[in-house]
Amino acid sequence: MNMYRIFRAIEEIDPEVYERINTRREVMKEFAHVGKKLSLAALPLALGAMLNKAYGQSNTSASVVDILNYALTLEYLEASFYSMGAAQGSALIPNSNDLTAIQKISADESAHVNFLKAVIPQLGGTPVNKPNFDFTANGTFPDVFSNYQTFLAVAQAFEDTGVRAYKGQAANVMSNSTVLQAALNIHSVEARHASKIRLMRRVNGFSNSVKPWITGNDTGGIGAVVQPVYAGEENTVQAGVQITGIGGLSISASAASEAFDEPLDMQSVLAIASQFIKS
Amino acid sequence: MMKHQDVPVLQDEPLMRKLPRRAFLRYAGLGSAGITALLLAASCHKDHNNSPAAEEVNLGSGDVGILNYAYALEQLEAAFYTQVVQTPYSGITDMELSFFTDIRDHEIAHREFFKAALSTHAIASLQFDFSSINFSSRSSVIATAKAFEDLGVSAYNGAGVYLQTPDYLTLAGKIVSVEARHAAYLRELVMTDTFVDTDVVDSNGLDLSRKPSEVLVIASTYIKTKINASGLPQ
């Protein structure tokens, strides 16, 4: 991405662009500085931050920052969880292939944390601090780091929640297409994680019904304690179109619900996550 | 179905008199891809139904164009999995057949949903050429399935930012995560622990995005019907 070319193009639309931010020289200096610290992928976000500053889109930028901080909180949760799990090694995860998978997910979640922490200041916000977590959920999962079955069950709940959380916010960050693009690209990675965790539960014999996709509002044998994670997933009507039996074909209610993941609003997600947050 | 929200925004914001704000931010944030979106915004009043050539389908433009693009890809996937389940490869396990049947049903559901939602704007049914796939070979089928799913994920991720209507974006999101679930499962069938390998997920933990033009070039190997995507962001 050529920042100079972009600024030249903006100048043509708005000759006073630099006065709105700073002097031309300062802007270019700032970008040269930012460019050293951030990966190329995060640069457009830095540009977005500057434009927010220039055009005072305080409402938009505030809400986008809020949403990114919300995402960061969830990523802290996942990153801490997997890093603590992976640290247990074979004592928790007996199969070496599974350990590799958990390490890969852990690396992705840490990357998400670092990415969001780099991006939020570029939009004029302050990244929230990492909360203190209690992965036993106040004693609900006492053996979460010593019983592999429990560990994967909690992992599944986190990943499926993550997918729903990002999905629920996509439309709220449409005003900033760079943020939207990043959110979409994290969203599908969370779904890949969810699929793999679910497959691991199935292959390890922890659930003989769980599939890589979500069937109805089924918890995959984890039980009522994670039911809020799956509330509404049983939906079989999309945009007013009944998916069960659509086109005269034999699409069952199970398949109809599996074919579409459902979004979850911020309040519901935070209610789920807060069970694992001590302070 | 197409919305032209540009005009009221334009009037509300004298600062951005020459450009709708959303298009401007998109333009600024996305570089050349954004410019395409901008040009499209200016040209999307064009009639997208004007007489296509006989064996060609025109996806149209604006949100309809994006949805038809998704419909085309879902048609491809549904046709492929229908064949997989009809003529299972030798040595298929019960779990594999069961999951392939699920995936087939999901893709049929997606296809039929787009057809119903697009209604009179929907493109015709496409014709496919799967002659390069050996349906009796496990590795051939799984490799193709994996490629289709990864392609689908990158296609939805790449097209999502062009949608103007929030409800469509949410709908696309409901589908793309299911495609990503398929992709991860199929990648595990090819080789264990490849579900987030570096060919699909970058060092920031972000999935791949592909532009419609890139996706359609890859997909065209299997699609006989000529697809006119000139109304889509390239």
Side-chain angles (χ1 to χ4, degrees), chain A residues 1-2 6 10 13 39 41-42 44 47-48 51 55 97 100-101 104-105 107-109 111-112 114-115 163 167 170-171 174-178 180-182 184-189 191-196 199 211-213 238-239 241 243 246-247 249 251-252 255-256 258-263, chain B residues 15-16 18-19 21-22 24-31 34-35 37 95 99 102 105-110 112-113 115-117 153 156-157 160-161 163 166-167 169-171 173-185 188 192-193 195-196 200-209:
Chain A
M1 161 156 310
N2 187 328
I6 289 168
I10 295 172
I13 299 160
S39 75
L47 179 63
L51 293 171
Y55 297 107
N97 281 338
T100 301
K104 285 189 174 191
I105 297 177
D108 283 346
E109 306 298 9
H112 293 164
N114 293 334
F115 181 76
V163 174
K167 202 188 314 293
M174 280 177 95
S175 62
N176 187 326
S177 52
T178 313
L180 172 61
Q181 186 65 74
L184 293 177
N185 292 348
I186 294 179
H187 168 244
S188 55
V189 171
R192 287 179 189 270
H193 293 170
S195 174
K196 173 64 173 170
L199 187 62
K211 299 170 176 181
W213 25 93
Q238 302 296 339
V241 177
I243 306 298
I246 190 169
L249 301 160
I251 302 301
S252 66
E258 288 167 357
F260 296 83
D261 281 338
E262 299 297 324
Chain B
L15 180 69
M16 306 302 296
K18 289 180 191 158
L19 278 177
R21 190 179 70 78
R22 171 183 285 175
F24 174 76
L25 286 177
R26 172 161 308 179
Y27 160 79
L30 270 186
I35 293 167
M95 190 167 88
F99 284 174
D102 280 357
D105 287 355
H106 303 162
E107 304 300 3
I108 289 176
H110 295 162
E112 295 301 313
F113 165 72
K115 189 179 177 181
V153 173
Y156 276 100
N157 280 347
V161 289
L163 286 168
D167 285 351
L169 178 65
T170 302
L171 264 166
K174 290 179 176 210
I175 294 173
V176 65
S177 57
V178 174
E179 304 291 353
R181 289 172 187 274
H182 294 167
Y185 168 65
E188 291 302 295
T192 192
D193 290 338
F195 61 114
V196 286
V200 280
V201 178
D202 73 12
S203 60
N204 283 317
L206 306 184
D207 220 319
L208 213 64
S209 297

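Letters A, B, ... mirror the listed sequences (proteins, then strands); counts begin at 1. Bear in mind the structure is a predicted one, so any value in this text is a computation, not a measurement.
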Verify the distance criterion only: is there a donor paired with an acceptor across the side chains of A/Asn185 and B/Ser209 at less than 3.5 Å?
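Result is yes, a qualifying pair exists.
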Relative to chain B, which segment of A/Ala256 carries a heavy atom at a distance below 4.5 Å: side chain, backbone, both, or neither?
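Contact with chain B is absent: no heavy atom of A/Ala256 under 4.5 Å.
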How close do A/Ala259 and B/His110 get, counting heavy atoms only, and between which atoms?
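It is O-NE2, 2.6 Å.
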Check whether any side-chain heavy atom of B/Phe195 sits under 4.5 Å from a side-chain heavy atom of A/Ser195, and report yes or no.
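Side chain of B/Phe195 against side chain of A/Ser195, heavy atoms only: no contact under 4.5 Å found.
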Which atoms of A/Asn97 are under 4.5 Å from chain B, going by heavy atoms: the side chain, the backbone, both sets, or neither?
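For A/Asn97, backbone and side chain are both near chain B.
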Side chain, backbone, both or neither: which part of A/His187 has an atom under 4.5 Å from a heavy atom of chain B?
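Only the side chain of A/His187 comes within 4.5 Å of chain B.
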Do you know which of A/Pro263, A/Ala101, A/Ala255 has the most heavy-atom pairs with chain B at a distance under 4.5 angstrom?
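Heavy-atom pair counts peak at A/Ala101.
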Please identify, among B/Asp102, B/Thr170, B/Asp167, the residue contributing the most non-hydrogen atom pairs under 4.5 Å to chain A.
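Ranked by heavy-atom pairs under 4.5 Å with chain A, first place is B/Asp102.
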Considering non-hydrogen atoms only, spot the tightest contact between A/Ala191 and B/Ala180 and give its length.
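Here A/Ala191 and B/Ala180 meet closest at CB-CB, 3.7 Å.
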Name the region of B/Ser177, side chain, backbone, both or neither, that has any atom closer than 4.5 Å to a heavy atom of chain A.
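Answer is both: backbone and side chain atoms of B/Ser177 are under 4.5 Å from chain A.
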Take B/Thr192 and A/Lys196, measure what side chain to side chain contact (heavy atoms under 4.5 Å, CB included) needs, and give me the verdict at the end.
CA-CA 10 Å; B/Thr192 192; A/Lys196 173 64 173 170; 3.9 Å; yes
With side chain to side chain contact (heavy atoms under 4.5 Å, CB included) as the test, would you mind laying out the steps for B/Asp202 and A/Phe115 before giving the verdict?
CA-CA 11 Å; B/Asp202 73 12; A/Phe115 181 76; over 6 Å; no
Nearest-0.5 Å distance, NE2 of residue A/His112 to CG of residue B/Leu206
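Atom-to-atom, A/His112:NE2 and B/Leu206:CG are 6.0 Å apart.
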Is it the backbone or the side chain of A/Val241 that comes under 4.5 Å from a heavy atom of chain B, or both, or neither?
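Just the side chain, heavy atoms under 4.5 Å.
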Top residue by heavy-atom pair count (under 4.5 Å) with chain A, among B/Ile175, B/Asp193, B/Leu171, B/Asp105?
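Among the listed options, the one with the most contacts to chain A is B/Asp193.
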For A/Leu184, which of B/Val153, B/Asp207, B/Asn157 qualifies under side chain to side chain contact (heavy atoms under 4.5 Å, CB included)?
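Result: among B/Val153, B/Asp207, B/Asn157, B/Asn157 is the only option passing the side chain to side chain contact (heavy atoms under 4.5 Å, CB included) with A/Leu184.
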For the residue pair A/Trp213 and B/Arg181, what are the closest heavy atoms and their distance?
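Scanning both residues, the minimum pair turns out to be CA-CD, 3.8 Å.
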Is there a donor-acceptor pair under 3.5 Å between the side chain of B/His106 and the backbone N or O of A/Glu258?
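Such a contact is absent between B/His106 side chain and A/Glu258 backbone.
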Residues forming a ring-ring contact (aromatic ring centres under 6.0 Å, His included) with B/Tyr156, sequence neighbours excluded:
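Not a single residue meets the ring-ring contact (aromatic ring centres under 6.0 Å, His included) criterion with B/Tyr156.
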Residue pair B/Val176, A/Lys167: steps toward the side chain to side chain contact (heavy atoms under 4.5 Å, CB included) verdict
CA-CA 10 Å; B/Val176 65; A/Lys167 202 188 314 293; 5.8 Å; no
Are the side chains of A/Ile251 and B/Phe113 in contact, using a 4.5 Å heavy-atom criterion?
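Side-chain contact under 4.5 Å: no.
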Could you list the residues that satisfy salt bridge (charged side-chain N to carboxylate O under 4.0 Å, His left out) with B/Glu112, not counting sequence neighbours?
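So B/Glu112 forms no salt bridge (charged side-chain N to carboxylate O under 4.0 Å, His left out) with any residue.
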Side chain to side chain, B/His182 and A/Pro212, heavy atoms closer than 4.5 Å
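A side-chain contact is absent here, since even the closest heavy-atom pair is not under 4.5 Å.
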Would you say A/Lys104 and B/Val201 make side-chain contact, with heavy atoms under 4.5 Å?
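Result no, sub-4.5 Å side-chain heavy-atom pair not found.
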Taking every non-hydrogen atom, the tightest pair across B/Ala109 and A/Ile243
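Closest approach of B/Ala109 to A/Ile243, heavy atoms only: CB-CG2, 3.7 Å.
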Give, as side chain, backbone, both or neither, the part of A/Ile186 having an atom under 4.5 angstrom from any heavy atom of chain B.
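Interface part for A/Ile186: both.
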